[in-house]
Amino acid sequence: MMMRQEDFGAVVSAHHDEIFRYLRRAIGPAGDAEDLSQETFLRAYRAYATLPKDANVRAWLFSIATNLAKNHFRSETRRRRAYGEVRGGAQAATSTTQEAELLSREAGGLVDGIVQRLPFKQRLAFTQRKIHGLDYGAIGKNLGCSAESARAHVFQALRKIRQGLDGYGLLPGEPAQ
Amino acid sequence: MSDKPAVCVQIADDLLAAAIGEASPGAVGRVELHVAACRSCRRELQGYRALEGTVATMRAESQPNEQAAQARERLETKLADLRQRLLTYRVFASPLGHILIARSELGISLVEYLDRGTSLKASRLVNEPGVETAEGGEDLEAAYRDLTEYLGGRRQRLDWPLDLRLARSDFQRAVLQATAAIPYGAVVSYVGLAHDIGKASAPRAVAQALRWNPLPIVIPCHRVIGASGALTGYAGSKLGLKRRLLTLEGVPTTTEAHAPAIRTQAMYVLYPGDREYCVPTCPSLDTRRPAPLTRFGSRRHAEAAGFAPCTTCRPDLHPISR
């Protein structure tokens, strides 16, 4: 059995907001998350009739969204290189994250700021695992690597975030010697 | 970081896994033993646990979100527009050659004999303005199954919801709708069909409209023939197919390959507007103004279409013998 195009409205109600939030973290505050989430769902709609009925729709949407985020990241990088904006781009990203940090003194905002500075794959892996609860197998598929590497990306991200928060003295515990 | 004792480096992965609840019980035990003795790793573990708590609030925080809701609304508008334009299709290798079936959200919109290839590229959909295509699902397979049953004589109706938006004009839609009403096992002439839609003087325009029938077989343009009984034309150069479809319905045809025709003298006739069908020699016909007739290959199909035997010529008592 396959899906029926007519039922797609329910897919949008159930998953749109989550995919939108995922993409916002995946491509960062400078990117157009709405544009990518829109494209995710338009693509999904076109292909929906050929999706097997027992398919995991949510995981499928995450994989489409991740592919779009990867393309976005690649073309952004290319664009910056082409215009010699590597430094400027990095500075802009830093200033927006600093802004976010200033605006939100709470730990969640700080974590988001650090997440934005993570390498792309670690950022995606962290968001998929820790915010959206995908399993390592699905994350590996989305990123084009093994479940083991996906887990390594998540662990690496957590280490960096913890170290980053440490600098703010926001984490409890005994002070370092 | 690099000046960590080896034992701390070794346990670092298990420590993180334990903090986020992904460690095996054995590993959790090892970590607990180690942090009881190692202050810096204890501090690290507490840091990860605190981070877990923060992440949990991040997960929960963005539940109702106005930005997302507005984005969803705009997406729904875009989707509605795409839904209007999208036709899903499948290509089937049928006994009649490759056939493409396409549908919209309203119903089946295209049945096409692919003469120039075996994929979408050979379809008229490629050049159809305002149409977007995507590969279709099982509903199209079900339609193809129905079609196969029809071609095998195991089915006489294709009760599909239809979408006539691929028709080129209101006139063509009117012709198609009138054609759809021709019963199984019957034939009418282009002239007769022109009469039916109130354009008695336009049989050529009717023939032209049927030439671009987007739904052959389903809308049975094969049941429309020349006034002389000649099959005239079908889907470009598929006269043989037209004959095959008519034969399937019990319509007798002549066997000359180059100019096939129906055998009018071997068919029952129906005068326009009548409820009774006759043999072609019925005396009642002689007294009436000549008009385009509907012809049936068999009494069975005439009666299945709701017509009774004429009480003058009594085709029920004196059937045509072939």
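What's counted below: heavy atoms across the whole structure, side chains too, no hydrogens, waters or symmetry copies. Labels below follow one simple rule: chain letters A, B, ... track the order of the sequence lines, proteins then strands, and each chain is numbered from 1. Note that the structure is predicted; figures quoted are calculated from it, not measured.
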Pick from I20(B), L45(B), T133(B) with the largest number of heavy-atom pairs that fall under 4.5 Å of chain A:
I20(B)
Where on E135(B) is there a heavy atom nearer than 4.5 Å to chain A: the side chain, the backbone, both, or neither?
both
Is the F62(A)-H132(A) ring centre distance short of 6.0 angstrom?
yes
Is chain A contacted by the side chain of R85(B), its backbone, both, or neither, given a heavy-atom distance below 4.5 Å?
neither
R90(B) side chain to G136(B) backbone, donor-acceptor under 3.5 Å
yes
Find the one option among A17(B), G53(B), A68(B), A19(B) whose heavy-atom pairs under 4.5 Å with chain A are most numerous.
A68(B)
Decide whether a cation-pi geometry holds between R155(B) and Y150(B); the criteria are a distance under 6.0 Å from NZ or CZ to the six-membered ring centre and an angle within 45° of the ring axis.
no
Has E112(B) got a side-chain atom pairing as donor or acceptor with I101(B)'s backbone, closer than 3.5 angstrom?
no
Note: vs chain A, highest number of non-hydrogen pairs under 4.5 angstrom among R83(B), R49(B), E76(B) is R83(B)
Decide side chain to side chain donor-acceptor pair (under 3.5 Å) for Q67(B) and R24(A); before the verdict, give the C-alpha distance in whole Å, the side-chain angles of both, and the deciding distance to 0.1 Å.
CA-CA 11 Å; Q67(B) 244 182 316; R24(A) 214 164 40 175; 2.7 Å; yes
Taking 4.5 Å as the heavy-atom cut-off, does anything in residues 33-43 of chain A contact chain B, and if so which residues?
E34(A), Q38(A), F41(A), L42(A)
Donor-acceptor contact below 3.5 Å, side chain Q122(A) vs main chain H153(A)
no
What part of R159(A) is in contact with chain B, defined as an atom under 4.5 angstrom from a non-hydrogen atom: side chain, backbone, both or neither?
both
Nearest heavy-atom contact between L75(B) and H16(A) is CD2-CD2, 3.5 Å
Measure distances from E132(B) to the heavy atoms of chain A and classify the residue's part below 4.5 Å as side chain, backbone, both or neither.
side chain
Is the backbone of R151(A) close enough, under 3.5 Å, to the side chain of R129(A) for a donor and an acceptor to pair up by distance?
no
Quick one: does R162(A)'s side chain have a donor or acceptor within less than 3.5 Å of a partner on Y48(B)'s backbone?
no
